[in-house]
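Presented below is the structure to which this report refers.
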Amino acid sequence: MCRSIKTLRPPAIPEDATEEEIRAAALQYVRKISGFRAPAAHNREVFDRAVDAVAEATAELLAGIEVRGGKPRAAEQASGEASAA
């Protein structure tokens, strides 16, 4: 199951990962760890919270990754916003 999670950072993908791609990867991860494809109703809330937490951590990771001597993505976006102002 986890083998289907794709790399979500350039150059593996040409652009920033979308929220949908990040959430799909988070869902795959939580499914693998929990052993549930779809949790029972009494586990749904904790399952969904875990997916949200993993998606948030993934987005934070991707925003801060520096690719081979480049700037961290968050710094690139901030400098792009500053020069646009």
Side-chain angles (χ1 to χ4, degrees):
M1 193 182 318
C2 275
R3 292 179 187 174
S4 65
I5 297 175
K6 66 181 183 175
T7 302
L8 296 179
R9 66 160 179 83
I13 61 172
E15 300 174 356
D16 289 342
T18 65
E19 283 185 42
E20 184 177 303
E21 290 170 319
I22 291 171
R23 182 129 182 110
L27 178 60
Q28 286 288 345
Y29 176 79
V30 172
R31 284 176 172 169
K32 182 66 171 185
I33 296 301
S34 69
F36 294 116
R37 169 127 175 58
H42 63 277
N43 288 325
R44 172 57 67 188
E45 184 178 339
V46 71
F47 189 91
D48 289 343
R49 280 197 319 261
V51 172
D52 292 342
V54 171
E56 185 176 325
T58 301
E60 184 178 328
L61 171 68
L62 292 173
I65 284 180
E66 184 175 327
V67 179
R68 289 226 160 209
K71 297 180 199 173
R73 299 191 63 81
E76 289 175 6
Q77 291 172 352
S79 66
E81 291 170 4
S83 61

> Between atom CD of Glu21 and atom OG1 of Thr7, what is the distance when rounded to the nearest 0.5 Å?
Replying inline: 11.5 Å
>> Nearest 0.5 angstrom please: Phe47 CZ to Ile33 CD1, how far?
In response: 11.0 Å
> Between Pro39 and Asn43, which heavy-atom pair has the shortest distance, and what is it?
Replying inline: CB-CB, 3.9 Å
> Side-chain heavy atoms under 4.5 angstrom apart, residues restricted to Ile, Leu, Val, Met, Phe, Trp, Tyr: same cluster for Leu61 and Ile22?
Replying inline: yes
> So which heavy atom on Ala55 is nearest to which on Ala26, and how close?
Replying inline: N-CB, 3.6 Å
> Under 4.5 Å between any side-chain heavy atoms of Arg23 and Val54, yes or no?
Replying inline: no
> Which pair of non-hydrogen atoms, one from Ala17 and one from Leu8, has the smallest distance, and what is that distance?
Replying inline: CB-O, 3.6 Å
> By side-chain hydrogen bond (donor to acceptor under 3.5 Å, both in side chains), which residues pair with Asp48, not counting sequence neighbours?
Replying inline: Arg44
